[in-house]
Amino acid sequence: MITITVNDEMVEVDSQTTIAKLLENRGFPEKGIAVALDWSVLPRSEWDRTLADGARIEVVTAVQGG
């Protein structure tokens, strides 16, 4: 198990957890979100990378309105 931060919340996950699997397990939608890993925005094509201990994930959900 490793410890990461997801939107300012400490979370323990398996060391083989990918960003995509983390998002699925935490209930984030498949579309309309942006993900940053350690302050760098990641394209969806890189969401298959595994997480390292101490990683910081920020997930932002797009909101429509005016």
Side-chain angles (χ1 to χ4, degrees):
M1 296 296 272
I2 60 172
T3 302
I4 62 170
T5 303
V6 180
N7 290 357
D8 295 324
E9 178 185 344
M10 299 290 278
V11 178
E12 284 193 352
V13 297
D14 182 271
S15 62
Q16 298 303 310
T17 301
T18 63
I19 294 169
K21 193 65 170 173
L22 172 75
L23 296 172
E24 178 184 324
N25 290 346
R26 307 260 324 154
F28 287 102
E30 290 184 31
K31 296 184 179 187
I33 61 172
V35 176
L37 172 62
D38 297 326
W39 309 111
S40 295
V41 175
L42 288 180
R44 190 174 295 269
S45 62
E46 294 185 31
W47 290 6
D48 61 347
R49 73 168 61 176
T50 55
L51 295 161
D53 193 43
R56 182 174 187 90
I57 302 290
E58 294 292 329
V59 182
V60 179
T61 304
V63 177
Q64 289 184 326

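Start at 1 with the first residue, then count along the sequence. Note that this is a predicted model, so its numbers are computed, not measured.
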(request) Look up atom CE in M1 and atom OG1 in T17, then write down how far apart they are to the nearest 0.5 Å. (result) 7.5 Å
(message) If I take atom CE from residue M10 and atom CZ from residue R56, how far apart are they, to the nearest 0.5 angstrom?
(response) 9.5 Å
(request) Compare every heavy atom of E9 with every heavy atom of R26, then report the nearest pair and how far apart it is. (result) NH2-OE1, 3.0 Å
(message) For Q16 versus T50, what's the shortest heavy-atom pair and its separation?
(response) O-CG2, 3.6 Å
(message) Using the side-chain hydrogen bond (donor to acceptor under 3.5 Å, both in side chains) criterion, which residues pair with D53? Sequence neighbours excluded.
(response) none
(message) Walk me through whether D8 and E58 qualify under side chain to side chain contact (heavy atoms under 4.5 Å, CB included).
(response) CA-CA 8 Å; D8 295 324; E58 294 292 329; 3.9 Å; yes
(message) If hydrophobic residues (ILVMFWY) are linked whenever their side-chain heavy atoms come closer than 4.5 Å, directly or via other members, who joins L37 in its cluster?
(response) I2, I4, V6, V11, V13, I19, L22, L23, F28, I33, V35, L42, W47, L51, I57, V59
